[in-house]
Each structure stands twice: as structure tokens, then as C-alpha cells.
Amino acid sequence: MEKRTRIDQVLATKPIGEIITVKGWVRSFRNNQFIAVNDGSDFDSLQIVINRESLSSDTLKKIHPGAAVGAKGTLTESQGRGQAVELKADELIVYGEADPETYPIQPKKHTKEFLRENAHLRFRTNTFGAIFRIRHELSYAIHKFFHERKFYYLHSPIITASDAEGAGEMFRVTTLDPNNPPLTTDGQVDLKKDFFGRETNLTVSGQLEAELAALALGQVYTFGPTFRAENSHTSRHLAEFWMVEPEVAFNDINDNMDLAEDMLKYLINYVLEHCRKDLQFLHNAAEKEDSQKPKNQRPDMGLIDRLEFCLEQDFARITYTEAIDILMNSKPNKKKKFNYVIEGWGADLQSEHERYLVEKHFKKPVILYNYPKDIKSFYMKVNDDNKTVRAMDILFPGIGEIIGGSEREENLDVLKSRMKEMNIPMEELYWYLDIRKYGSCPHSGYGLGFERMVQFVTGMSNIRDVIPFPRTPGNASF
RNA sequence: GCCUCAAUAGCUCAGUUGGUUAGAGCGGCGGACUGUUAAUCCGUAGGUCCAAGGUUCAAGUCCUUGUUGAGGCGCCA
């Protein structure tokens, strides 16, 4: 059969009267006559109208949802109502059958949980087609945003030797035989005999490496997989996820917040402009689902309205201290409705507090900054008050923390004493300290959880539904 | 890691105080149908009630343990 024309092109250009060939997968077969074929290039399918007499009954029997087909014929204006054009097929080939007795994706409503167990096939549904097209556009938009601003894409290593970052539990990387590892004379596993001659792990963050590059290239960003061996069971955690980490020399905490807010708005706007059909479907599907819920659990806004609202609003920017004041004076705190009642300054904010600030008090994205130094990482710049550090977290409705970042401590002595306080081994991170020794300067950066961004933009409540093959504790299928 | 809930047909679920042969919708299969929109109509098949143990005359239903899933918390992005 001839080369195919993509269905998105057919629908966009509508070359009526021309003979074209399309190839894709059957979504439905109606009235023994109409085949909805989707090739993934567009949310919409193309209706193929077959001539039953010209097809063998053998071929007809093979047309079922999920089958791969090719059709050649004349594009015509549709006589029916649901579509502008359709393809009158003269030839139809079934490339691959899909036995309806066993094919799990039938034209009916399936739950997200069921489709998650069939993650290899869920791309063929409307919902996941839309999600993964949007995921692509979003990752493209990230590169576009940074490229337009003269950032360099830095490929930070996946395998790292430092286990000193304190960013979470790590996955060990080894080629040693677990049943029979080489031992030292005192009976310990001899890591000198391991592949790299030392203990290695999968990266938990590209930040430290990004800092090295930023202090020469000026502004860089990483965008790659990140691994955390935390035993997290929530709808917003994965063991393998993708993170975007810009790092900019000479930026202070305020520049950092500006960059993050600009980026988030750019991404939201990009998706609104480029993924309209997919977004509209997800918007409608969510609306339908929400209408089943009790009134107090329904969101105030639909998906698209929520995204547009985010674009129009300046994000609220408040210090940790101001946040504590708001929370101390809040109804749920006074009435002890919080599981963790805020007693005073210094308390770590729980997700219920973050959710109150974002969803009840401000009702828009919130940037919290200047946290107590005791609850934050060693590399964050200590303020003059010597009590707080220039950390910032961006909180989104429904998602929680979507970005975490800071201005970095560029003063060698202060950094060293912070590392000492927090038991971070300095010898191992000599290269990180060298940056403060030679040509140190103020610099800032943050990490964006890419899947959390996809979650926000698609309105998916579970992070496992916005990554093709989710890795979570006890699950690495596919 | 902690807490809560769930598991019944391919899917989504119902199944009363423990009581005869386990129910529906969708999907499947067979048939009808040349303007359908997850088509419709008629007919039909389909079950190790998550697993193991226990209580009982009797367990889908009660108890214990385990497995898997969902939600919440912590860790964070």
C-alpha cells in the first residue's frame, strides 16, 4: 500500500476529492460500514466508509477495535453529522488483528487502575493519547523556553558516586555478584573491585553538577531522569521521575522566583495554545467525572479555566514567617482541625498547611521563601538574620510542591560550617567546594518535578497516569 | 515505613441478619442492518467469589495471616 498521510494533516487540510491512504488502529466499527481509525497524530479519528461488496467476508471479520488497518480511497465531505470529512475506501488492508475475545481495550469505560495494569495498551485510549501528546509538547516547551533565553542544556550524569547530597534514599549501582561478592580481608564487601572502584548510585539530583557548569556557562538547565528509593505511597511520588533543574550564575532568590514563575506561565500558555483538542477532551472528561461527586468535593473551575486563571494571576509570594502568621490565625489552626497544629515559628509545614495556603487562603499558586535553616538543605544561602535560608517552594493547587529551589551558599566558610553542622562529608564534595574557592559568585536554581507539571496541566490526580511506565515501590512492570 | 478502605464474569459493580442453583450493565460470541457516532435490535455463553488457614450444621458474607490495588500521612519534585 502507498505511503500514508497522517490523519492530523487530512483533518487540517481536508483535500476533498483527492485519493489518499491512511493507516492506523480501529477505534470502533459501526453499522458494518463505518470504521473510526486513529493514528495517534490527532485526538480525532478519521471515519473510513467501506464498500462491503468489494471486501471479502474474511477481511470484514478482522475489523475489530484495536486492529491495525490501512485504507486507500477518496476523501469526501461527510454525509453524516459527526465529522466534516470521511474517506470512501476502495482498498482496505488489515495489518494486524486484535482478537476481541482477549483484547483488553474494548469500546467502553475503563478505570485508570485497570489501564495502569495494561500500560502497554493504554496509549490507544482517548485519555492516554491526549496525556502523552501533551507530555511531549510540554517537554518541547521546556527546551524552547530555555533555549530562547540562552540557557544551555546540560546532561548531568545518571550514575553518581556522591551519596552525600541528603536528597533521599538512593538506588545502588553495582556489577558485583550479590550472592558471591568479593570480600576484603576483614569480611566486608570490597567495593574497590566493583565496576567503578567505589560505591555508586543512580542520581537523585543534577543540581550540584549544574552549579559547576553554571559558574562558567552562565545559565544551564538539566532535564533528565531522577531516582529516589523512598518507600513513598502517594499519588504524587515516583521512584523514577523526570526533573528540570535550571541553575543561573549571578541570580539571587528574587531572580530565581521570577524565572520560575515566568517558566511555569510559559509552559501553561504553550500547552493552551498547542494542545487545544487534547485539553478540551480532558476538560470535558473531568467535568463529567466531577459532576458525579458531592458538591463540596467539586473543583471551583474546570481544567482549562484553571490553567487560564494561573496565567492571569501573579503568584502570591510570602515568607515562611508570614505563612506561619497566616496559619496561626487561621480557623482550622485555632479550632485544632489540623492534624498538626502550628505552635509557632520553626515548625515544618505539613501538606495540610500548604494546601490551606494555596486552596483556601490565597486560592492561587503560592511561592514560599526564607525558611528556617534547620529544616532545609546545607547548600542554601544563609540570610543575614542567621536564622533563615533563601529557599523557595512553589505550591500549586491539587499538586502541592511543584518546584523547590534556592539561592545557593556561595561563601566557602559559611558553606563549610553548614556542612559540618549537618554531617555532610566535605572530602567527597571537594569539587563542589572548589567552585566557592575559585571565582565564587551568587547563583540560584530550582528543580521542577516534570510529572507534577504534566499532572497539573492534564488534571490527572495520580502521577502514575502521566508517565508511560511508572516505577513505584514493588512495581517495575513493562 | 504508618493509618484507612477495597478485592465477586473480560470490565464496572450489586449481592440483605451467614441459609437452596451467584445477579445486572457494558464488553464478547451468533444473527439482522448501506448514514452510523463508544450505533441499534434479537439471541446466547461466560464464575477457583484474591490466596491460605480458621469459626460454623452451613461462609461470597464472620475471624486470622498473606498478596495486590486505592486513598491519606511522612520523605520530596
Side-chain angles (χ1 to χ4, degrees), chain A residues 26-36 38 44-55 61 64-66 76-83 86 88 98-118 125-127 165-169 204-207 225-245 260 338-340 348-355 375-377 393-396 399-405 446-456 461-465 467 472-475 477:
Chain A
V26 175
R27 283 292 173 83
S28 72
F29 184 26
R30 296 181 289 264
N31 208 7
N32 235 341
Q33 190 188 6
F34 305 103
I35 311 172
N38 188 284
D44 287 320
S45 301
L46 181 66
Q47 175 157 286
I48 311 294
V49 186
I50 58 166
N51 181 352
R52 280 197 306 181
E53 270 127 53
S54 70
L55 287 176
K61 271 187 194 153
H64 288 116
T76 60
E77 239 173 281
S78 179
Q79 293 172 36
R81 289 252 168 89
Q83 57 283 312
E86 62 193 17
K88 293 255 193 229
D99 182 357
E101 293 258 30
T102 55
Y103 184 59
I105 314 296
Q106 291 300 338
K108 74 179 291 291
K109 162 111 183 122
H110 293 293
T111 58
K112 303 263 168 29
E113 289 81 11
F114 174 73
L115 292 169
R116 216 172 284 152
E117 285 164 16
N118 292 283
T125 63
N126 283 333
T127 301
E165 294 163 35
E169 294 295 310
V204 291
S205 163
Q207 178 202 317
T226 308
F227 307 87
R228 305 258 168 106
E230 303 284 350
N231 198 5
S232 303
H233 291 98
T234 81
S235 55
R236 48 186 199 286
H237 286 90
L238 291 164
E240 178 184 286
F241 64 99
W242 288 66
M243 188 150 65
V244 181
E245 294 178 291
F338 284 138
N339 288 321
Y340 296 86
D348 209 347
L349 299 183
Q350 310 292 320
S351 39
E352 58 181 342
H353 306 130
E354 296 178 348
R355 219 177 306 129
I375 58 172
K376 287 291 179 181
S377 306
D393 285 352
I394 302 188
L395 311 174
F396 261 32
I399 308 286
E401 189 179 339
I402 198 164
I403 279 180
Y446 59 82
L448 166 76
F450 180 61
E451 281 75 18
R452 289 187 183 174
M453 188 66 196
V454 183
Q455 252 189 296
F456 179 72
S461 55
N462 196 312
I463 200 165
R464 293 162 210 151
D465 294 331
I467 189 166
T472 52
N475 202 335
S477 303

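Note on naming: letters A, B, ... go to the chains in the order of the sequence lines (proteins, then strands), and numbering restarts at 1 for each one.
Both S461(A) and S351(A) sit near RNA chain B, but only S461(A) has its closest nucleotide nearer the 5' end. Residue order along RNA chain B, read from the 5' end via each residue's closest nucleotide, puts P473(A) first among P473(A) and G447(A).
Residue Q33(A) is classed as a base contact, given a heavy-atom separation below 4.0 Å to a base. D44(A) comes within contact range of no nucleotide atom at all, as no heavy-atom separation falls under 4.0 Å. Using a 4.0 Å heavy-atom criterion, one finds that R27(A) contacts no nucleic acid atom at all. Within 4.0 Å of S235(A), counting heavy atoms only, lie sugar-phosphate atoms of the nucleic acid but no base atom. Residue contacts shown for I403(A) are limited to sugar-phosphate atoms, with no base heavy atom under 4.0 Å away. Using a 4.0 Å heavy-atom criterion, one finds that E86(A) contacts the bases of the nucleic acid, with or without backbone contacts as well. When heavy atoms are screened at a 4.0 angstrom cut-off, G80(A) is found touching base atoms of the nucleic acid. Using a 4.0 Å heavy-atom criterion, one finds that F241(A) contacts the bases of the nucleic acid, with or without backbone contacts as well. S28(A) comes within contact range of the sugar-phosphate backbone alone, with a heavy-atom separation under 4.0 Å but no base atom that close. Across all strands shown, N462(A) has heavy atoms under 4.0 Å from sugar-phosphate atoms exclusively, and none from any base.
Rounded to a whole angstrom, the distance from the C1' atom of G74(B) to that of A6(B) is 23 Å. Nucleotides U40(B) and C26(B), compared at atom P, are 8 Å apart to the nearest Å. Across the P atoms, G28(B) and G19(B) are found 35 Å apart, a figure rounded to whole Å. Taking atom P on both nucleotides, A59(B) is separated from U20(B) by 12 Å, rounded to a whole Å. The C1' atoms of G30(B) and G66(B) are separated by 44 Å, rounded to the nearest whole Å. The separation of U44(B) from G71(B), taken at their C1' atoms, amounts to 40 Å, rounded to a whole angstrom. Remark: the separation of the C1' atoms in G46(B) and C11(B) is 13 Å, to the nearest Å. Here, C29(B) and A45(B) have their C1' atoms 7 Å apart, quoted to the whole Å.
Pairing for A7(B) is with U67(B), a Watson-Crick or G-U wobble pair whose two hydrogen-bonding atom distances lie under 3.5 Å. Of all nucleotides present, only G31(B) satisfies the Watson-Crick or G-U wobble test against C41(B), with each distance under 3.5 Å. The partner of U17(B) cannot be assigned: no Watson-Crick or G-U wobble pair with both contacts below 3.5 Å exists in any strand. Under the Watson-Crick or G-U wobble criterion, with both distances below 3.5 Å, U55(B) has no partner in any strand shown. G74(B) makes up no base pair with any nucleotide shown, lacking Watson-Crick or G-U wobble contacts both under 3.5 Å.
Here the side chain of E245(A) pairs no donor or acceptor atom with the backbone of S205(A) at under 3.5 angstrom. E352(A) places a side-chain N or O within 3.5 Å of a backbone atom of N339(A) that can act as its donor or acceptor partner. Side-chain atoms of Q106(A) do not come within 3.5 Å of backbone N or O of P65(A) as any donor-acceptor pair. The backbone N or O of Q33(A) lies less than 3.5 Å from no partner atom in the side chain of N31(A), so there is not a single donor-acceptor pair. Judged by distance alone, with hydrogens and angles left aside, the side-chain atoms of H353(A) form a donor-acceptor pair with the main-chain N or O of Q350(A) at under 3.5 Å.
Contact of Q83(A) with U36(B) (side chain to base): a donor-acceptor pair of N or O atoms is detected under 3.5 Å. For G35(B), the base has a donor-acceptor partner in the side chain of K88(A) [N/O atoms by modelled type, under 3.5 angstrom]. For H110(A) against C11(B), no side-chain N or O and base N or O form a donor-acceptor pair under 3.5 Å. Judged by atom type and distance alone, H233(A) does not reach the base of C73(B) through any side-chain donor-acceptor pair under 3.5 Å. Q106(A) contributes no side-chain N or O that forms a donor-acceptor pair with the base of G27(B) under 3.5 Å. Judged by distance alone with a 3.5 Å cut-off, a donor-acceptor contact links the side chain of R452(A) to the base of C76(B). Residue-to-nucleotide contacts include a donor-acceptor pair under 3.5 Å from the side chain of S78(A) to the base of G35(B).
Two residues are said to be in side-chain contact when any heavy atoms from C-beta on lie closer than 4.5 Å; Q455(A) and R236(A) meet this criterion. Side chains of T472(A) and R464(A) form a contact here, defined as non-hydrogen atoms less than 4.5 Å apart.
Contact annotation: T226(A) does not reach the phosphate of A77(B) (side-chain N/O to OP1 or OP2, under 4.0 Å). R355(A) has a side-chain polar atom (N or O) that falls below the 4.0 Å cut-off from OP1 or OP2 of C73(B). R464(A) has a side-chain polar atom (N or O) that falls below the 4.0 Å cut-off from OP1 or OP2 of G71(B). Under 4.0 angstrom from either OP1 or OP2 of C73(B) there lies no side-chain N or O belonging to T234(A).
Atom P of nucleotide G35(B) and atom CG of N51(A) are separated by 13 Å, given to the nearest angstrom. Distance, H353(A) NE2 to G74(B) C1': 13 Å, rounded to whole Å. In this structure, the CZ atom of R236(A) is 15 Å from the P atom of A70(B), given to the nearest Å. Following rounding to the nearest Å, E354(A) (CD) and C75(B) (C1') show an atom-to-atom distance of 12 Å. Distance CD1 (I48(A)) to C1' (U34(B)): 16 Å, rounded to an integer number of Å. One atom, CZ of F114(A), and another, P of A70(B), lie 14 Å apart when rounded to the nearest Å. One atom, NZ of K109(A), and another, P of A38(B), lie 15 Å apart when rounded to the nearest Å. When rounded to the nearest whole Å, the span between CG of N339(A) and P of G74(B) equals 9 Å.
Distance from the side chain of E401(A) is smallest for A77(B) among the nucleotides G28(B), C73(B), A77(B). Closest to the side chain of Q350(A), from the set G27(B), G35(B), C73(B), is C73(B). Distance from the side chain of R116(A) is smallest for A70(B) among the nucleotides A70(B), A77(B), C75(B). Of the listed nucleotides (C29(B), A77(B), A38(B)), A38(B) has the atom at the smallest distance from the side chain of R30(A). Minimum atom distance to the side chain of N231(A) is reached by G1(B), of the listed U34(B), G1(B), C29(B). Distance from the side chain of R81(A) is smallest to U37(B) among U37(B), G35(B), C75(B). With G35(B), C11(B), A77(B) as the candidates, the nucleotide lying closest to the side chain of Q79(A) is G35(B).
Aromatic pair H64(A)/Y103(A): centroids not less than 6.0 angstrom apart.
A stacked arrangement is not assigned to F34(A) and the six-membered base ring of A39(B), the conditions of a centre distance below 5.5 Å and an interplanar angle below 30° not being jointly met.
A side-chain donor-acceptor contact under 3.5 Å links R30(A) and Q47(A).
Using a cutoff of 4.0 Å between basic side-chain nitrogens and carboxylate oxygens, K376(A) and D393(A) are scored as salt-bridged.
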